[in-house]
Every structure is written in C-alpha cells, then in structure tokens.
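Everything below concerns the one structure shown next.
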Amino acid sequence: MITIDNVNAARQCLSRAQRVAVLTGAGVSAESGIPTFRDALTGLWARFDPMKLASEDGFRADPPLVWRWYAWRRELVAKALPNAAHYALASAQLRFAAFDVITQNVDGLHALAGSASIELHGSIVRTTCLARCGFVENDPQLLPPGEPPRCPQCGDWLRPGVVWFGEMLEVAMLQHAERIASECDVMLVVGTSGLVYPAAALPALAMRHGAKVVVVNPSESELDQSATVIVRGTAAMEVPRLFE
Ligand code: APR
C-alpha cells in the first residue's frame with residue numbers, strides 16, 4: 001500500500017533502516033536556483049531542444065552552440081549553493097551504517113554540501129575529449145582558449161564531461177549504484193521525474209530486493225508506482241524533516 005503525504009511514515013522507514021540509498025535528480029537543486037529539465041514552464045527541455053544540445057550528433061552539428069550553452073549552465077552552477085536538502089543528506093550520512101547518494105545531477109552540489117555522491121551523469125565542470133583520447137580537465141579556467149577548445153592531446157573537440165542522450169553510463173559506476181540499490185533497506189528518491197534510464201530503474205531494483213522506497217517530489221512522477229511512501233513537497237522543505 002502506498003502512503004501519500006506522510007512524513008511520519010517516511011521517518012519510520014528511515015528510523016528502522018541501517019542501509020540507506022538516495023537517488024536524486026534535478027529537483028533537489030531546484031531550490032538552489034538551478035532549473036530542472038522537464039518542469040512545464042521552467043524546465044530546460046521546455047525551452048531548448050535536448051537533441052541539439054545534449055547529444056553527440058547535436059554537438060557535431062554545431063560545436064560552438066553546444067559549448068556556449070554548457071558555458072552558460074556552468075555559470076549558473078558556479079553561482080549556486082547547496083540548499084537545505086543537500087545539507088540534510090550530507091549530515092544524515094553519519095547516522096546510518098551505509099548512506100550512499102547517487103545523483104543524476106552534474107552540478108556538484110552534493111559534494112559541495114559534503115556528500116561523496118556517485119555522479120551517474122558526470123560533471124558539468126569536467127571537460128573531456130570527444131575522441132575519448134583520455135584527456136580530462138576538472139578546472140574550466142585551465143582549458144585551452146577557443147570556442148569550443150581543441151584537445152591539447154589529440155586535437156579533436158573538447159566536450160563537457162556529462163553523459164548525453166544515446167551515451168552509456170560508465171559501467172563500473174552503474175554497477176556500483178545497482179549494488180547499492182540492491183543492498184539498501186530504504187531508497188530515498190528526491191526530485192526526479194524517473195523518465196531517464198538506467199537511473200530510473202534503481203528504485204524498482206531496490207524494491208525487488210526488499211527495500212522500502214520513499215519518494216519526495218511536489219508533483220507526480222513515474223517513480224510513484226515504485227514508492228512505499230510518497231511525500232508531496234519540495235526537497236529543501238521535506239528532506240530535512242525526514243531526518244529531524
Ligand atoms: N523539490 C523536489 N522535486 C522537485 C522540485 C523541488 N523543489 N522542483 C521540481 N521537482 C521535481 C519535478 O516534479 C520533477 O519530477 O523534480 C523532477 C525533475 O525532473 P527532470 O527535470 O526530468 O530531472 P531529472 O529527473 O533529474 O532528469 C533526469 O534527464 O535530461 C536528463 O541528464 C538529464 O540527469 C537528467 C535526466
């Protein structure tokens with residue numbers, strides 16, 4: 001049975017858990033001022049075409065356009081600070097035998113708040129080489145000049161170190177996330193629409209292995225069907241209450 005709007009039921013699940021896995025999406029950073037992707041009016045994909053801006057084909061068609069779009073997003077992220085949800089998750093990690101944060105976000109805000117998160121979709125501050133020659137730069141200030149810059153190792157285009165549509169997630173990282181999901185007692189799912197796989201499969205995987213799934217989201221999501229408890233509210237409001 002699913003319980004909706006029940007912070008106490010969610011707290012009860014967490015109080016009995018030893019191993020907690022957290023899956024976050026863009027909604028956890030919304031109150032830090034970073035737009036989500038699919039919210040109807042404010043989401044990035046309501047305003048921009050993901051196939052032009054977040055796929056290898058799109059990049060190859062117009063590298064400067066895509067480079068400038070990511071530079072704009074990097075600036076948004078650089079100005080953003082973690083919110084109460086990021087901080088509550090970072091301090092909760094001390095209270096459980098295992099507490100793993102798996103994020104689809106590329107903004108690095110979990111790390112800034114103090115959680116060593118698994119960044120399934122990469123990082124927006126990282127730059128890699130389109131030809132996958134092995135070049136990686138973690139400081140955008142140190143990139144070669146140009147728009148977009150060329151790889152100092154092989155001369156191909158440099159690209160944002162994020163996972164684009166049509167690309168595989170890093171296998172070892174995904175396997176690590178799947179192991180965490182299958183071993184946790186509770187999976188807390190915060191601020192994701194649950195439309196992008198394989199991340200969206202993690203709550204059902206956790207549930208199949210006996211975990212309770214707590215969803216925090218102000219709106220309905222695809223993951224409601226995998227939930228034991230649904231808390232209808234925003235991340236910064238509700239996540240701290242779960243760990244009070
Ligand atoms: N607190 C919690 N949840 C929120 C908030 C908030 N303040 N504001 C919005 N949300 C919820 C929305 O209701 C929605 O369910 O966050 C979710 C955001 O969904 P998406 O925009 O689809 O983001 P996400 O699920 O992270 O997207 C997955 O899609 O384009 C890709 O690579 C990108 O990692 C991203 C992936």
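Both counts, for ligands and for their atoms, begin at 1 and track the order of listing. Because only heavy atoms are used, hydrogens play no part in the values below, and waters and symmetry mates are left out as well, while side chains stay in.
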Within a distance under 4.0 Å of any heavy atom of [X], pick out the atoms of ligand 1 and give their elements.
{"X": "A235", "answer": "1 (N), 2 (C), 6 (C)"}
{"X": "S219", "answer": "13 (O)"}
{"X": "T234", "answer": "1 (N), 6 (C), 7 (N)"}
{"X": "G25", "answer": "26 (O)"}
{"X": "W45", "answer": "30 (O)"}
{"X": "Q104", "answer": "28 (C), 34 (O)"}

Measure the shortest side-chain to side-chain distance between [X] and [Y] over non-hydrogen atoms and say whether it is less than 4.5 angstrom.
{"X": "I118", "Y": "M173", "value": "yes"}
{"X": "M187", "Y": "V214", "value": "no"}
{"X": "T228", "Y": "M207", "value": "yes"}

Between R11 and E244, does any NZ, NE, NH1 or NH2 come within less than 4.0 Å of an OD or OE carboxylate oxygen?
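Answer for the salt bridge query: yes.
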Is a salt bridge present between R159 and E167, judged by a nitrogen-to-oxygen distance below 4.0 Å?
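Between E167 and R159 there is a salt bridge, with a charged N closer than 4.0 Å to a carboxylate O.
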Give the residue, atom name and distance (to 0.1 Å) of the protein heavy atom nearest [atom].
{"atom": "atom 7 (N) of ligand 1", "result": "E31 OE1, 2.8 Å"}
{"atom": "atom 36 (C) of ligand 1", "result": "V196 CG2, 3.7 Å"}
{"atom": "atom 8 (N) of ligand 1", "result": "A30 CB, 3.8 Å"}
{"atom": "atom 31 (C) of ligand 1", "result": "R38 NH2, 3.7 Å"}
{"atom": "atom 25 (O) of ligand 1", "result": "T192 OG1, 2.6 Å"}
{"atom": "atom 26 (O) of ligand 1", "result": "A26 N, 2.8 Å"}
{"atom": "atom 19 (O) of ligand 1", "result": "S193 N, 3.3 Å"}
{"atom": "atom 5 (C) of ligand 1", "result": "G27 O, 3.6 Å"}

Nearest option to atom 14 (C) of ligand 1, as decided by whichever heavy atom of T36, N217, N83 sits closest
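Looking at heavy atoms only, N217 sits closest to atom 14 (C) of ligand 1.
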For M237, is the CE atom crowded, meaning more than 12 foreign heavy atoms sit under 6.0 Å from it?
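Atom CE in M237 is not crowded, with 12 or fewer foreign heavy atoms closer than 6.0 Å.
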Would you please say whether a donor-acceptor pair under 3.5 Å links the side chains of [X] and [Y]?
{"X": "T42", "Y": "D39", "answer": "no"}
{"X": "E31", "Y": "T234", "answer": "yes"}
{"X": "T103", "Y": "T24", "answer": "yes"}
{"X": "S115", "Y": "H86", "answer": "no"}

Looking only at distances, can you tell me whether any N or O atom of [X], backbone or side chain, sits closer than 3.5 Å to an N or O atom of ligand 1?
{"X": "F37", "answer": "yes"}
{"X": "G191", "answer": "yes"}
{"X": "S221", "answer": "no"}
{"X": "N105", "answer": "no"}

Check the angle between the aromatic planes of Y70 and W164 and answer parallel, tilted or perpendicular using the 30° and 60° thresholds.
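Aromatic pair Y70/W164 classed tilted.
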Students often mix this up, so state it plainly: with edges at 30° and 60°, are the rings of F96 and F243 parallel, tilted or perpendicular?
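Ring orientation, 0 to 90° scale: perpendicular.
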Looking only at heavy atoms of L195, does any of them come nearer than 4.0 Å to an atom of ligand 1?
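No heavy atom of L195 comes that close to ligand 1.
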So, does P218 sit close enough to ligand 1 that a heavy atom of it is under 4.0 Å from the ligand?
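Checking ligand 1 against P218, which is what was asked, there is a heavy-atom contact under 4.0 Å.
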Test side-chain contact (heavy atoms from CB on, under 4.5 Å) on L89 and V239; report intermediate values, then the result.
CA-CA 8 Å; L89 293 172; V239 174; 3.9 Å; yes
